[in-house]
Amino acid sequence: MELRNAKKEIHHRVFVNRSLTLENIKCYGFDMDYTLAVYKSPEYESLGFELLRDRLVSIGYPHELLGYSYDPTFPTRGLVYDTLYGNLLKIDSNGNILVCTHGFEYLRGEQVDEYYPNKFIQRDDTDRFYVLNTLFNLSETYLYACLVDFFNRTSRYKNCLKGFKHGDLFMSHRSMFQDVRDAMDHLHDTGTLKERTLKNLEKYVIKDPRLPVLLNRIKEVAKVFLATNSDFNYTEAIMKYLLESPAGFKSPRKPWRSYFDLVVVDTKKPLFFAGGTVLRQVDTDTGKLRIGTYTGDLQHGTVYSGGSSDIVCDLLDVRGKDILYVGDHIFGDILKSKKRQGWKTFLVVPELVKELHVWTDKTSMFEELRHLDIFLAELYHKSDEHSSPASFSSTTQNGSTAERHLDSGTQECPDISAIQSRIKMVTYGMDLCYGKMGSLLRCGSTKTLFASQLLRYADIYSTTCLNLLNYPFSYLFRAPHVLLPHEAAVESQTKEQITELSEHMLKSTIIKRQCECDDGDCGQDDNCARNNPASSTET
Ligand code: IMP
Ligand code: MG
């Protein structure tokens with residue numbers, strides 16, 4: 001019962017990378033899709049996948065593709081697609097490859113080496129490597145794997161390094177990537193996906209009665225704006241559904257726009273955080289844009305289209321550092337607003353619900369991995385029978401603990417192969433607990449590119465923006481004290497010394513106390529009545 005409460009508690013928390021005082025925030029900005037409007041998973045991704053797959057078939061791809069349906073256990077957000085070889089890659093922040101799949105096949109070390117001799121990619125090569133950063137990209141990620149799987153398994157196509165050949169037709173991975181990307185843009189830009197979403201809002205969008213409560217409370221203490229890449233008509237329909245539908249709502253019904261001081265649609269983030277685009281007014285009766293650039297003051301209840309983050313600051317009369325922007329897109333919402341404008345940032349990570357479940361339920365695996373890492377490091381310094389897992393014990397033959405002092409003159413090379421393969425096994429086992437492509441944030445003890453960006457650019461993060469409800473607006477989100485490796489080494493050495501010192505002091509205190517007793521061989525210490533007058537006082 002207690003464990004269940006603890007789990008519940010953790011899902012309601014906001015996590016902190018950099019200290020942030022809510023009291024100093026004068027303005028809260030919100031993204032819409034996957035931030036205020038959270039789509040139901042996997043229903044929404046399945047819809048995206050089916051529309052995407054059908055679009056490919058409609059432009060000439062084989063009908064057999066219709067046999068594939070979305071498998072939510074396969075894709076993880078943040079993977080990189082190699083458009084040259086058709087591989088999906090999980091990488092760390094430096095471009096080192098952590099996981100590599102071709103279709104649904106996991107490539108082993110030597111196979112990965114054949115494609116990437118350094119097990120490394122130049123991720124700046126954005127022409128070749130495409131980062132599948134958003135939750136919208138999940139259906140697309142799965143489709144890339146399906147395409148490679150299909151052409152690989154279909155005998156009429158010959159498998160080549162850069163694609164598949166059938167007669168004089170060459171289906172390069174590059175051209176398939178382009179087709180999928182175009183299909184994805186088509187789905188979004190023509191409104192096909194939006195139309196299907198609006199037809200069945202209950203199926204695809206989570207409506208939470210706490211959202212109007214949160215926005216109401218924020219508006220009492222600060223300015224609030226909405227900045228979304230979606231168009232006005234879609235924004236209007238979604239926000240109406242989220243804020244104006246009465247079911248289960250405690251607060252009185254009011255127009256959705258009154259929750260905001262400023263609403264900007266068609267923002268074209270990340271461009272919005274740089275030069276931006278022309279700011280126009282939207283005619284909210286027709287949804288059409290007014291001609292010309294809007295140059296006036298902020299008009300309440302008006303909806304704007306385009307613009308830039310600078311214009312938002314001007315209209316609301318706030319500075320970048322006074323804004324907390326809440327979004328789900330690590331690049332378009334968080335990295336750019338932080339790097340370009342110095343805004344405070346809150347990243348919404350819906351996957352954290354699952355990540356936290358696995359973390360809590362599989363603690364033993366993480367502990368084993370931690371111990372293996374420590375043991376591996378200690379093999380080169382000292383062998384301590386207490387810290388080594390039994391199966392890898394390297395104590396001396398007579399079983400005693402041996403101090404090793406390996407240095408550059410040492411010829412001996414500890415055999416670490418057994419530990420390394422165990423680390424690989426545990427890492428793979430851990431990955432599978434999250435899904436077929438593993439965790440969003442880690443691969444064994446290595447952080448993914450996504451995790452590194454989250455740590456660097458998101459000041460705070462949580463599973464949902466609604467978790468702001470659990471903190472007063474005067475709250476100080478305090479970042480945990482993180483030591484650099486050299487500081488941590490000093491700290492652990494100091495701890496060891498303190499432990500040794502306190503053990504020594506404890507021993508000498510006992511001896512001293514025994515000695516203070518007149519009767520040297522009474523055999524007692526603290527409890528000896530002569531050492532401890534209080535205990536001898538009869539009441
Ligand atoms: P936001 O998250 O509220 O800024 O809005 C995201 C918008 O981007 C939605 O209107 C999506 O339809 C759109 N979108 C997401 N992914 C793509 C894409 O790959 N191509 C074109 N539009 C996209
Ligand atoms: Mg979004």
Side-chain angles (χ1 to χ4, degrees), residues 29-39 41 44-45 47-49 51-52 55-56 75 77-79 81 126 130-144 177-198 201 204-206 211 225-239 241-243 256 260 262-273 276-277 282 287 303-309 312 325-337 343 345-351 458 461-465:
F30 289 92
D31 164 67
M32 185 178 80
D33 297 275
Y34 277 113
T35 298
L36 294 181
V38 181
Y39 295 102
S41 183
Y44 192 62
E45 292 86 29
L47 172 68
F49 175 80
L51 293 173
L52 208 51
R55 169 80 189 157
L56 283 195
R77 182 154 59 126
L79 300 179
Y81 188 61
T126 47
Y130 185 78
V131 188
L132 296 146
N133 252 332
T134 73
L135 288 154
F136 285 110
N137 291 134
L138 285 174
S139 47
E140 184 182 348
T141 307
Y142 188 63
L143 189 58
Y144 290 127
F177 165 74
Q178 206 50 63
D179 292 340
V180 174
R181 268 281 82 230
D182 290 349
M184 193 71 179
D185 287 341
H186 180 268
L187 222 70
H188 285 282
D189 299 344
T190 56
T192 319
L193 178 63
K194 292 182 171 77
E195 201 178 296
R196 290 287 295 270
T197 312
L198 295 179
L201 281 169
Y204 298 122
V205 185
I206 298 173
L211 183 61
F225 71 90
L226 178 72
T228 171
N229 279 2
S230 282
D231 59 71
F232 172 70
N233 289 333
Y234 186 66
T235 305
E236 165 109 330
I238 292 284
M239 294 311 294
Y241 175 67
L242 293 177
L243 296 174
W256 73 270
F260 300 96
L262 171 64
V263 173
V264 196
V265 298
D266 307 316
T267 47
K268 297 212 170 14
K269 292 170 281 179
L271 186 59
F272 179 77
F273 293 109
T277 54
V282 179
V303 176
Y304 299 86
S305 161
S308 67
S309 50
V312 164
Y325 189 64
V326 189
D328 67 289
H329 192 336
I330 186 73
F331 185 77
D333 291 327
I334 303 300
L335 183 148
K336 285 292 169 186
S337 64
W343 288 12
T345 49
F346 179 148
L347 180 68
V348 173
V349 191
E351 294 99 322
Y461 65 101
S462 189
T463 52
T464 158
C465 62

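All ligand and atom numbering here is 1-based and tracks the order in the structure.
Nearest N/O/S atom of D31 relative to the Mg ion (ligand 2): this is OD2. Atom O is the N/O/S atom of D33 found closest to the Mg ion (ligand 2).
Of all the listed residues (T197, D185, L193), D185 holds the heavy atom that lies closest to atom 20 (N) of ligand 1. Here the shortest heavy-atom distance to atom 13 (C) of ligand 1, taken over R181, H186, H188, belongs to H188.
Between M32 and ligand 1, at least one pair of N/O atoms sits closer than 3.5 Å. When only interatomic distances are considered, the shortest N/O to N/O separation between T228 and ligand 1 falls below 3.5 Å.
Distance from atom 8 (O) of ligand 1 to its nearest protein heavy atom, with residue and atom name: N229 CB, 4.0 Å. Scanning the protein heavy atoms around atom 10 (O) of ligand 1, the nearest turns out to be S230 OG, 2.6 Å. Protein heavy atom at the shortest distance from atom 5 (O) of ligand 1 is D33 OD2, 2.8 Å. Looking only at protein heavy atoms, the nearest one to atom 2 (O) of ligand 1 is D31 OD1, 2.8 Å.
A 4.5 Å side-chain heavy-atom check between L211 and L36 finds at least one atom pair inside the cut-off.
Using a 30° and 60° split on the angle between ring planes, F331 and H329 fall in the tilted class, from 30° to 60°. Aromatic ring orientation, Y34 versus Y39: perpendicular (interplanar angle above 60°, classes split at 30° and 60°).
Atom CG in D31 sits 4.0 Å away from atom CG in D333 (nearest 0.5 Å).
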**OP:** Take E140 and N137, measure what side chain to side chain donor-acceptor pair (under 3.5 Å) needs, and give me the verdict at the end.
**Re:** CA-CA 5 Å; E140 184 182 348; N137 291 134; 2.9 Å; yes

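The K269 neighbourhood of ligand 1 comprises atoms 4 (O), with distances under 4.0 Å to a heavy atom of that residue. In summary, the atoms of ligand 1 found under 4.0 Å from a heavy atom of M184, numbered by their order in the structure, are 19 (O).
Remark: distances from the non-hydrogen atoms of E140 to ligand 1 are all 4.0 Å or more. Within the structure, the closest approach of K194 to ligand 1 falls below 4.0 Å when heavy atoms are considered.
Cation-pi geometry between K194 and Y234 is satisfied (NZ or CZ under 6.0 Å from the ring centre, within 45° of the ring normal).
Contact detail for Y325 and A227: the closest heavy-atom pair is OH-O, 2.9 Å.
With 2.8 Å as the limit, D328 counts as an N, O or S neighbour of the Mg ion (ligand 2).
Two rings, from F273 and W343, have their centers less than 6.0 Å apart.
Between the side chains of R181 and Y130, at least one donor-acceptor pair of N or O atoms lies under 3.5 Å.
A ring pair (Phe, Tyr, Trp, His ring centres under 6.0 Å) with F49 is found for one member of Y142, Y144, F136 and no other, namely Y142.
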